[in-house]
Protein chains: 2
Amino acid sequence: MSTVKQPSRIQQRNRAAILASGLDAFSQSGFRGATLEQIAAAAGMSKPNLIYYFPSKEAIHITLLTELLDTWLAPLRAMGPSDDPISEILKYAQSKLTLSRDYPRESRLFANEILQGAPHLANTMDALKTLVDEKALLIQGWVDAGKIVAIDPHHLIFSIWSLTQHYADFDVQVRAVLANDDPYPGAVEHIDRVFRRLLATD
Amino acid sequence: MSTVKQPSRIQQRNRAAILASGLDAFSQSGFRGATLEQIAAAAGMSKPNLIYYFPSKEAIHITLLTELLDTWLAPLRAMGPSDDPISEILKYAQSKLTLSRDYPRESRLFANEILQGAPHLANTMDALKTLVDEKALLIQGWVDAGKIVAIDPHHLIFSIWSLTQHYADFDVQVRAVLANDDPYPGAVEHIDRVFRRLLATD
DNA sequence: CAACAATTTGACCACTCGGTCAAAAACAGG
DNA sequence: CCTGTTTTTGACCGAGTGGTCAAATTGTTG
């Protein structure tokens, strides 16, 4: 007989504000480097007030990570059977690149977590493997049908991840090398070329 | 008339031990997450003793980063004129992959620093840009000579960096997906294929 | 408006951490 | 073995941090 109470407007607003400034803080300074004081101030409230909405610093971090993971894997989930597998894979790669461009903080939050050994994602790793294995099978089917070049599907997926996330995670370095020009127009074209040439059957 | 004293054997041993455990700590927990106590204990000494060899935590970190950067960029520096540019580029990519395999902690230390916005490498970024621009010119020459496909040299270099470092920096994720198999044999072959097909003139 | 619930915060606490300091211990060289 | 130097450490400090708590304030509802 548990009547689940829906959160008030204040609850919604403040939880959202906390998550927003938490994302800022964690992606910029890492879990350890971010402080409750800092997050609370950025969300326009006091530290005890923040703790009224989230029981601990870790709770904010975990909430962010799990919400993020959904967005992050959506394009991979969306990849499915197709008569034109090269376009299907290119679509995935470009979606991922768009995520890097539009959600760089999320990308860095995730990168930080993996770098530290994914202490808060240990569970989720199993589900990730299941999803990737499933998509690897799909890709293997395309290989077997001779529609794309013979290639290791897992390493293909790693390539898509690394090439796209690099522009968000190593943003400082990329911009330093490019004299602060916007890297994305060039990246879109480059990634298209890489996977088109990699996957084409001759 | 400054007679530069060369460090005693004890100095050499202890400085090396501190840098070794500092690398462990910083690459695993980030700058903020690592503690002097932890580093000192791992180096087999007390905290004040550690501070006798390095004036601050930051000093250890900076020392590690600057020493690392040399090793890290050596393969790029080594890339030079060649009649067979594809082999030359492949050699660079494979050297970089070997670094990821043999020095994953160094790779993660570097990744951590860049993720945080490279606060300790702001100076070095200029030098990096100079080096990369120089090599980009070399690659552009190969393009202009029709020896490799028309491609943006900067993004090519980013590709090499991201594809290779991914295996060190996202090790946890890679191994989770691959059920803990050694990723490197497959990675060597994959990276070879990627760049061979990308760069070939048809 | 009365009464209750939800929200907010100042003051505080225990603990961690980077770094200091004075004194002890180990190590040279004569 | 004496003396000066290098190395080592226990004790300590001040700042910062995650989190608590009781009390005040604000919102809500009959």
Side-chain angles (χ1 to χ4, degrees), chain A residues 2-65 109 112-113 116 119-120, chain B residues 2-65 109 112-113 116 119-120:
Chain A
S2 63
T3 44
V4 176
K5 213 172 283 179
Q6 64 177 3
S8 72
R9 215 166 304 142
I10 294 183
Q11 293 253 2
Q12 287 179 9
R13 175 171 46 84
N14 281 344
R15 275 187 61 101
I18 291 169
L19 289 175
S21 41
L23 176 59
D24 265 346
F26 288 133
S27 68
Q28 199 168 89
S29 317
F31 179 73
R32 192 97 195 298
T35 79
L36 288 183
E37 192 77 49
Q38 170 193 5
I39 298 173
M45 67 187 69
S46 66
K47 195 170 54 164
N49 199 12
L50 180 151
I51 237 64
Y52 174 73
Y53 289 100
F54 287 88
S56 69
K57 185 178 171 181
E58 212 183 9
I60 306 175
H61 195 238
I62 292 178
T63 303
L64 280 169
L65 278 175
L109 176 69
N112 245 312
E113 175 69 6
Q116 316 294 316
H120 293 147
Chain B
S2 63
T3 44
V4 176
K5 214 171 284 180
Q6 64 178 2
S8 73
R9 215 165 302 141
I10 293 182
Q11 294 252 4
Q12 287 180 8
R13 175 170 47 83
N14 282 346
R15 274 186 63 100
I18 291 169
L19 289 176
S21 40
L23 176 58
D24 265 346
F26 288 132
S27 67
Q28 200 168 88
S29 317
F31 179 74
R32 193 94 196 296
T35 78
L36 287 183
E37 192 76 48
Q38 169 194 6
I39 298 172
M45 68 187 66
S46 66
K47 194 170 55 165
N49 199 11
L50 180 152
I51 236 65
Y52 173 73
Y53 290 100
F54 286 88
S56 70
K57 185 179 171 181
E58 213 182 10
I60 306 174
H61 195 238
I62 292 178
T63 304
L64 280 169
L65 278 175
L109 177 69
N112 245 312
E113 175 69 7
Q116 316 294 320
H120 293 147

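Here is how names work: the chains are called A, B, and so on, in the same order as the sequence lines, proteins then strands, and each is numbered from 1. Side chains included, hydrogens not; waters and symmetry mates left out as well; all remaining heavy atoms used.
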If you count heavy atoms of other groups shown closer than 6.0 angstrom to CD of Gln11(A), is the number above 12?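 It does: Gln11(A) CD has more than 12 such atoms within range.
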
Specify the separation, in whole Å, of atom [atom1] of [X] and atom [atom2] of [N].
X        : N       : atom1 : atom2 : value
Leu50(A) : dT7(C)  : CG    : P     : 14 Å
Asn14(B) : dT6(D)  : CG    : C1'   : 12 Å
Arg13(A) : dT7(C)  : CZ    : P     : 10 Å
Gln11(A) : dT28(D) : CD    : P     : 12 Å
Ile10(B) : dT6(D)  : CD1   : C1'   : 8 Å
Ile39(B) : dT16(C) : CD1   : C1'   : 15 Å
Met45(A) : dT25(D) : CE    : P     : 20 Å
Ile51(B) : dC13(D) : CD1   : P     : 19 Å

Where [X] and [Y] come nearest, the two heavy atoms and their spacing:
X        : Y        : answer
Ser27(B) : Asp24(B) : OG-O, 3.2 Å
Ala34(B) : Gln38(B) : CA-OE1, 3.6 Å
Ile18(A) : Ile60(A) : CG2-CD1, 3.9 Å

Toward the 5' end of DNA chain C, which comes first, Arg32(A) or Ser46(A), by nearest nucleotide?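 Mapping each residue to its closest nucleotide by heavy atoms, the 5'-most match is Ser46(A).
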
Using the side-chain heavy atoms of Asn49(B), tell me which of these nucleotides is nearest: dG19(C), dT8(D), dT7(C).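 The answer is dT8(D), which lies nearest to the side chain.
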
In terms of side-chain heavy atoms of Leu36(A), which of dG18(C), dT17(D), dG19(D) is nearest?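 Looking only at side-chain atoms, Leu36(A) lies closest to dG19(D).
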
Any donor-acceptor N/O pair, Ser29(A) side chain to Phe26(A) backbone, under 3.5 Å: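 No, because the side chain of Ser29(A) does not come within donor-acceptor range (under 3.5 Å) of the backbone of Phe26(A).
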
With a non-hydrogen cut-off below 4.0 angstrom, is Tyr53(B) in contact with a base, only sugar-phosphate, or nothing?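 Since only primed, P, OP1 and OP2 atoms lie under 4.0 Å of Tyr53(B), the category is sugar-phosphate.
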
Across the strands shown, which category fits Ala34(A) at heavy-atom distances under 4.0 angstrom: base, sugar-phosphate, nothing?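 Since only primed, P, OP1 and OP2 atoms lie under 4.0 Å of Ala34(A), the category is sugar-phosphate.
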
Using a cut-off of less than 4.0 Å, is there contact between a side-chain N or O of Tyr52(B) and OP1 or OP2 of dT8(D)?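 Checking Tyr52(B) against dT8(D): no side-chain N or O falls below 4.0 Å of OP1 or OP2.
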
Give a yes or no on whether a donor-acceptor pair under 3.5 Å exists between the nucleobase atoms of dG19(D), that is its base, and the side chain of Lys47(A).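 Per atom types, the contact qualifies.
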
